[in-house]
Amino acid sequence: MTGSPILSDGGAVKRALRLFLCKAVWLVAVILVGGLFGATLVRYGPGYGVDERELDPRLSQASVEALRGQHHQNASLLSYYGHYLKSAVHGDFGTSESTQRPISELIHQRLPVTARAVLLGMLSAWSLALFLAMLGQFLRGWIFEVCSTLLTGFLLALPSTVIALLFVYFRAPVFLAVACVTFPKLFRFIHNLLVEAYEQPHVLAARARGIGPVRIFLRHVLAFAAPALFALVGVSLSLAFGAAIPIEALTDSPGIGQLAWFAAINRDLPLVVNLTLLVTLVTVAGNSLADYSGQLAARAS
Amino acid sequence: MSAPKSLRLISAFLLCVIFLLALGANFIAPYSYAKQFRDAPAAAPSAAHLFGTDALGRDEFSRLLYGTRVSLLLAPAAALLSTLIAGILGGLAGFLGGWWERAILASADLLMALPLLFVLLALRATLPLDVAPLISAMATFLILSLLGWPSSLRVIWAAARNIRESDFLLLARSSGSSPLRIIARQILPNLRPVLAAQFWVNIPVFILAEATLSMLGLGVMEPLPSWGNLLRGLENPSAFHANPWTIAPLILLILVVFCFQFILPSREDFA
Amino acid sequence: MLRKLRLLGVLTVFGAAAAASAQAQSGGVLHFCLHGEPKTFNPILVDDEAAENVRYLTGGVLIRLNRQSQALEPGLATSWHISKDGRMIAFQLRKGLRFSDGTPFTSEDVAYTIKSLMDPQLHSPTGDSFRSGEGAVEILTPTPDTVSITFPAPVAGLERLFDQVAMMSAHSPKKEMAVLGPFYISDYKAGSYVELARNPNYWKHDAQGRALPYLDGIHLDIQRNRDIELLRFERGELQLINRLDAESYKRLSKDSSGTPRNAGTGLDSDFLWFNQSPNAPIADPRKSWFRTTEFRRAVSSAINREDISRIVFDGHAKPAMGPISPANHFWFNSAIPAPKYDPQGALKLLAQAGFRFANDELRDKSGNRVEFTLVTNSGNAVREKMASMIQQDLSEIGIKVSIVTLDFPSLIERMTRTFDYDACLLGLVNTDLDPNGQMTVWLSSGENHQWNPGQKTPATAWEAELDKLMHEQATALADKDRKKAFDQAQQIIYEQQPYIYLVNRDVLTAFSPAVQGAAPTVLTPPAFWNADVLQLAASPQQGAHK
C-alpha cells in the first residue's frame with residue numbers, strides 16, 4: 001500500500017483522512033473476501049454436509065434423511081454469506097452447527113482465553129527479546145553470541161507441536177508456549193536492528209564524544225530503531241496469534257484456536273466463516289500496522 | 001546474526017553427512033521400514049535393533065534413516081517451489097506497484113489468514129486413495145509449498161521495491177529499456193541474494209511444518225516414516241521412558257535445523 | 001440433675017447420629033472428565049457421549065438396567081407389565097417423589113416425556129428406538145401413579161429401552177433442568193466444566209435407610225485430550241477415568257497414583273469391511289473380489305487377531321468373530337467358533353475362488369495383482385496400528401494393502417455418499433445389549449448396512465435371509481424365539497463375513513485410592529454407573545482435590 005502525505009497543513013489533514021478511509025475500506029474488503037474464501041473452502045471441500053450422527057444405528061431412515069437435509073439450506077453460498085453479513089451487522093453472528101450455540105457467545109467465552117495467551121505470550125517474548133538484545137549490545141562478546149544463537153536456534157528448531165506437548169507434560173501455562181514460538185524470531189530481528197542502529201554515523205559520533213552507553217541507547221539507538229520496532233509489534237501479533245491456534249488445539253486450552261480446529265474438523269460453516277474473519281482481521285491489521293510504521297520509518301530516515 | 005566461518009563449515013559438513021546417510025538408507029538400514037518384529041514390540045535398544053523398536057516392533061534405526069530421506073529430500077524441493085512463487089509474485093508487486101502491489105499483498109494476507117490446517121485437511125481428502133505413500137508425501141510437500149509462499153513474499157516485495165526506487169533502475173528506464181529486459185537484467189540479478197536467503201530460511205520451515213502436520217495425523221501416510229510421524233512417539237511418555245531413543249528423531253531434527261540456521265546468509269530478515 | 005444428665009445424653013445421641021449422617025452424606029466432590037462438550041442438557045435430545053453421561057447422572061428413569069447384573073430393576077416405577085401383544089406397557093409409579101426443584105412427580109410427567117420423545121419432528125435416537133410402526137402412541141394416566149403407553153406395533157425389548165428415557169417435568173419452571181436422578185446441574189461453564197450437586201429429593205436410600213447419593217457433588221471437567229486427563233489423574237486432580245486406553249493402563253499399573261481396573265471384555269468391536277456397493281466408483285476386478293465370500297473369509301483367516309490384541313491393546317482385547325461380544329451374556333452365540341489365524345487356510349480358500357499365489361503376489365483369474373486401499377479415521381493411533389498390522393498380515397498371502405487415513409467427515413462422505421473407497425476399518429460403540437438396536441445395520445435397506453447400504457431389494461440370498469431373521473427377532477414376543485432367530489443371523493454373518501470382526505476391547509477404567517465403592521463394569525458408563533453409592537475417603541491424604 002502506498003504512503004501517506006506529510007501532514008503539514010489543513011488540506012494535508014483532509015487528504016490524510018481520505019486516505020485513511022480508503023485504507024479502512026480496503027481492509028474491510030480484504031477481510032470480507034477472506035471470510036468468503038473460508039466459507040468456500042468449507043462449503044465445497046470434502047466432508048461438508050455429513051454428520052457423524054448418521055452412523056448411529058438407532059436412528060430411523062426419516063431421521064437420517066432429516067439430518068442430511070439440514071445442510072441443504074446452505075446450498076447457495078453467496079446468498080448464505082450475504083444473509084450472514086446482514087445479520088452480523090445487527091450483532092447476530094449465527095449459530096454453530098456442531099454445538100448449536102450462538103457463535104457470539106462462543107467467541108465471547110473463548111476470545112479472552114486466546115487474547116490472554118497471545119498478549120501475555122507477546123509481552124514475555126518481547127521482554128526477553130529486548131532484554132537479551134540490549135544485554136548483547138552491552139556485553140558484546142563471542143560467548144553471548146554463541147549462547148544466544150544456541151538458545152534461539154534450539155527454540156526455532158522445535159516444532160510447535162513438540163513445544164505444546166512439553167507444556168502439556170509440565171502443565172505450564174499456554175502463554176509461555178506462545179512466547180517460546182515467538183521469542184526466537186523477535187530476538188533475531190531486534191538484535192539485528194540494534195546492531196544496525198549502533199553502526200549509524202550519529203551513534204558513532206556520540207560515542208566518540210564520550211556520551212555514556214545508557215544515554216546513547218535511549219537517545220540515539222532507540223530513536224532510530226523505534227519505527228521498525230513498532231512495525232514488528234504488528235507482525236509479532238499475527239505471529240503470536242497464528243502460533244496460539246495449534247498450541248491451544250494441542251493443549252486443550254478453551255480458546256479460539258481449539259474452536260477453530262473443532263470447527264474445521266466438524267465442517268461447521270458458520271463457525272469457520274466467523275473465525276476466518278477474525279483471523280483475517282488480526283493478520284491484516286497486524287500487517288497494516290507494520291506497513292504503516294515501516295513507511296513512517298522510511299520518511300523519518 | 002552471522003555464524004563464524006568455522007561453524008558454518010561444520011554445519012555444512014554435518015548436513016552433507018546426514019544427507020548422504022539418508023540417501024544411502026537402502027544400503028545402510030538393516031531392515032525395511034515396514035517390517036514388524038512382533039516378538040519385540042517397544043523393545044529397548046539391543047544388538048539386533050540399535051535404537052530399539054516402536055510399538056509395532058519396527059526397527060527404529062531403519063525408520064529414522066528412511067524418515068530422514070523423506071523429510072530432507074522433499075523439504076528443499078518444497079522450499080524451492082515456494083521461493084520461486086514468492087519471487088515471481090513479490091518481484092511483480094514490488095516492481096509494478098499500484099494496484100498490482102495491493103492485489104498481490106492482499107492475496108498473501110488472505111492466504112495467511114486462511115485456516116491452514118483446514119486447507120490441508122480438505123486438500124488431502126481430495127487426493128485419490130490409491131496413490132503410493134511416497135506420492136502422497138510429495139503431494140503434502142507440494143501443498144505446503146503452494147500455501148507457504150506468503151511468508152517469504154513481503155521480504156522479496158520489500159527488496160524489489162527498494163530496487164524499483166534505486167538510481168540504476170531509473171537510469172535503465174530513462175535509457176528506454178523494455179520492462180522485460182529490466183526484469184531480466186536489473187531486477188532478478190539483484191533479487192538473487194534475497195531469494196537465496198529465503199530458500200535457505202524456508203527449508204527448515206518446511207521440515208518443521210511437515211513434522212507438525214504428521215504429529216497431527218495429516219502428514220506422510222503410514223507405513224512410510226518421516227520425522228513428523230516418528231515424533232508422534234513422544235505423545236506417549238511411557239514409551240519414552242521405556243526407550244529414550246524415541247527422542248532420536250527430535251534430536252536429528254533439531255541438529256539439522258540448527259545446521260541450516262548456521263549456514264544461512266548473514267542478516268536474514270524477520271519473515 | 002438427673003433430668004439434665006438425661007437431656008445431655010439424648011443430645012449426645014442425636015448429635016452423634018447427626019454427625020454420622022453428615023459424614024455419610026459428606027462424601028466429597030468427585031472429579032473426573034467429559035471428553036467433549038455436551039451438546040444439550042435436554043434428555044430426550046441427547047445423542048453425544050458427554051451429554052449421555054450427564055443424562056445418566058441427573059436423569060431418573062422408570063426402569064434401570066443394572067450395569068453389573070445386566071438385569072432390569074425398578075427405578076421410578078415399582079413395577080410394570082407388558083401386554084401379550086407386546087404393544088402396551090403399564091407402570092406403577094413410586095408415590096411421593098419430587099423433582100430436584102420440589103415439583104411433584106406424577107404420571108402426567110411420564111406422559112409429557114413420552115409425548116415429547118415420540119414427536120416425529122424430534123429425530124432423537126432414543127425416540128427412534130421406540131418407533132415400531134406408523135401411527136401415534138397412546139398414553140393413559142388413570143391415576144397420578146399409574147400410566148400405560150400403547151405403541152402402534154410391538155416393540156422388541158420394550159422395557160429395556162426405558163433405561164434411556166429420563167423423565168422430564170411437565171410443570172416445573174426449570175423445564176429439563178428439574179431432574180429425578182441422584183444429581184442435578186448446579187453450574188455450567190461452556191468449554192470448561194459441568195458442576196453437579198447432590199439432589200436432596202433423590203428417591204433412593206441404601207440398605208441402612210440412608211439417603212443417596214453419598215457424594216456431595218460431581219465436578220466434570222471438559223477435557224478432550226486424554227494425555228492431559230491422565231496427567232491430571234496422576235497428580236490427584238481427578239479421581240476416576242471412565243475409559244482408559246491400553247497404554248495408559250500400562251502406565252498407571254506401574255505407578256501408585258491410582259488403581260487401573262479391567263472390567264473385562266466390553267461390548268464394542270473393531271472390524272473392517274469391503275465395499276460391495278454397485279454404485280461404488282471402483283475398478284471392476286476389485287468389485288468382484290469384494291463380493292466373493294471366499295475372498296472375505298480368506299482375508300479374515302489371514303489376520304492375526306491374537307497379535308493385534310497383544311501388541312495394539314497390550315493384551316486388553318479378545319479376538320472377535322461376530323457382532324455380539326461374549327460380554328453380552330444373553331445374545332452371544334457361543335456356537336460360533338473362535339477365530340483362528342490360518343494363512344494357509346486363507347490361501348486354500350482363495351485358490352477355490354480362482355486366485356493364484358506365486359512369487360509373494362496374489363493374482364486373480366485374469367492375472368490382476370490383488371491390492372486394495374484400507375481407509376480409516378486419522379488421529380486414531382490404535383486404528384492406525386491395527387491397519388499397519390493388517391497390512392503386514394495380508395502381505396504374507398500376497399495381498400498389497402495401502403493405508404489411507406482421512407478426517408472423519410471426509411471418511412463418512414466416502415462411506416455414505418460417494419462410496420469411493422475399497423475397504424474401511426472402523427469400530428462400533430455398542431451401548432445397547434439388544435440386537436434390535438442394530439436393525440439398520442443388518443437390514444439390507446438400512447442406512448448403516450455399510451458394505452452395501454440402502455438396498456431396494458436384497459442383493460444376495462444371504463442378505464434376504466438376514467432380513468427375514470432380523471424381522472423375526474424384532475416381532476417375536478418371547479425372548480427365546482428372538483434369540484433363536486438372532487443366533488441364526490449371527491451364523492450367517494460368520495459364514496459370509498460382510499464385516500470382518502477383529503477384536504472386542506476390554507473395558508479399562510481407573511480410580512484413585514480415595515474412591516470407595518468402585519465396581520467397574522463393561523456396560524456404559526463403566527466407571528460411574530453406580531455414582532449414587534460412590535464415596536470419597538475422608539482422610540486428608542486420600543481426600544478429594546478441588
Side-chain angles (χ1 to χ4, degrees), chain A residues 42 45-71 96-102 105-113 164-165 167-171 248-256 258-259 261-268, chain C residues 36-40 45 47-48 120-129 131 161 164 189-192 222-229 231-232 235 237 379 406-418 426 428-432 436-442 445-448 450 454:
Chain A
V42 174
Y48 179 72
V50 297
D51 196 319
E52 200 177 313
R53 291 176 293 172
E54 290 175 36
L55 300 182
D56 191 332
R58 297 172 295 173
L59 284 176
S60 65
Q61 178 72 24
S63 297
V64 170
E65 275 164 21
L67 269 178
R68 289 179 180 177
Q70 269 174 18
H71 293 280
S96 160
E97 285 174 355
S98 48
T99 63
Q100 295 301 316
R101 292 188 34 227
E105 188 188 303
L106 286 171
I107 292 179
H108 180 71
Q109 277 162 358
R110 288 171 174 268
L111 192 57
V113 175
L165 271 181
F167 277 80
V168 161
Y169 192 70
F170 293 111
R171 297 304 307 281
E248 278 182 357
L250 284 161
T251 57
D252 227 14
S253 175
I256 294 290
Q258 191 197 54
L259 192 64
W261 176 247
F262 182 74
I265 292 291
N266 288 289
R267 308 295 195 272
D268 192 330
Chain C
E37 184 90 40
K39 286 186 185 161
T40 179
L45 293 175
D47 60 12
D48 62 285
Q121 301 305 315
L122 198 68
H123 304 300
S124 139
T126 312
D128 282 357
S129 305
R131 270 181 237 290
L161 293 174
Q164 301 295 312
K189 187 174 176 199
S192 283
I222 295 168
Q223 187 85 74
R224 288 181 178 86
N225 190 312
R226 305 277 178 139
D227 295 319
I228 298 177
E229 182 188 26
L231 282 166
R232 292 183 65 195
R235 285 171 188 152
E237 293 169 29
L406 295 170
D407 63 294
F408 215 44
S410 303
L411 182 63
I412 297 173
E413 189 181 57
R414 283 178 188 266
M415 277 166 55
T416 62
R417 307 282 205 279
T418 64
L426 266 188
L428 186 65
V429 173
N430 261 320
T431 53
D432 199 353
N436 208 51
Q438 297 179 28
M439 283 295 275
T440 59
V441 175
W442 301 116
S445 57
E447 285 301 321
N448 283 301
Q450 297 302 352

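Atoms considered below: every heavy atom in the structure, side chains included; atoms not considered: hydrogens, waters and symmetry mates. To find a chain, count down the sequence lines: A is the first, B the second, and so on, and within it residues start at 1.
- A pairwise comparison of heavy atoms in Thr440(C) and Leu59(A) identifies CG2-O, 3.6 Å as the closest pair.
- Heavy-atom distances place both the backbone and the side chain of Glu54(A) under 4.5 Å from chain C.
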Test log, rule side chain to side chain contact (heavy atoms under 4.5 Å, CB included), inputs Asp407(C) and Arg267(A): CA-CA 11 Å; Asp407(C) 63 294; Arg267(A) 308 295 195 272; 2.6 Å; yes
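- In this structure, the portion of Gln450(C) lying under 4.5 Å from any heavy atom of chain A is its side chain and not its backbone.
- Only the side chain of Arg417(C) comes within contact range of chain A, with at least one heavy atom under 4.5 Å from a heavy atom of that chain.
- Chosen from Arg110(A), Glu105(A), Gln100(A), Gln109(A), the residue pairing most often with chain C at heavy-atom distances under 4.5 Å is Gln109(A).
- Ranked by heavy-atom pairs shorter than 4.5 Å toward chain A, the options Pro120(C), Gly191(C), Ser410(C), Ser192(C) are led by Ser410(C).
- For Val113(A) against Ser253(A), the heavy-atom pair with the smallest separation is CG1-OG, 3.6 Å.
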Criterion side chain to side chain contact (heavy atoms under 4.5 Å, CB included) on Asp252(A) and Arg224(C), from CA distance to verdict: CA-CA 7 Å; Asp252(A) 227 14; Arg224(C) 288 181 178 86; 3.6 Å; yes
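- Of the two parts of Asn448(C), only the side chain, counted from C-beta on, holds a non-hydrogen atom closer than 4.5 Å to a non-hydrogen atom of chain A.
- Of the listed residues Gln223(C), Gln438(C), Glu37(C), the one with more heavy-atom pairs under 4.5 angstrom with chain A than any other is Gln223(C).
- Annotation: maximal heavy-atom pairing with chain A below 4.5 Å, among Ser445(C), Pro125(C), Pro38(C), occurs at Pro125(C).
- In this structure, Lys39(C) and Asp47(C) approach most closely via the heavy-atom pair CD-OD1, 4.5 Å.
- Contact annotation for Glu52(A): both backbone and side-chain heavy atoms come within less than 4.5 Å of a heavy atom of chain C.
- The distance from atom CG of Leu45(C) to atom OG1 of Thr40(C), rounded to the nearest 0.5 Å, is 5.0 Å.
- For the set Ala62(A), Pro254(A), Ser60(A), Ser98(A), the count of heavy-atom pairs under 4.5 angstrom toward chain C peaks at Ser60(A).
- The shortest distance between side-chain heavy atoms of Ile265(A) and Phe262(A) does not fall below 4.5 Å.
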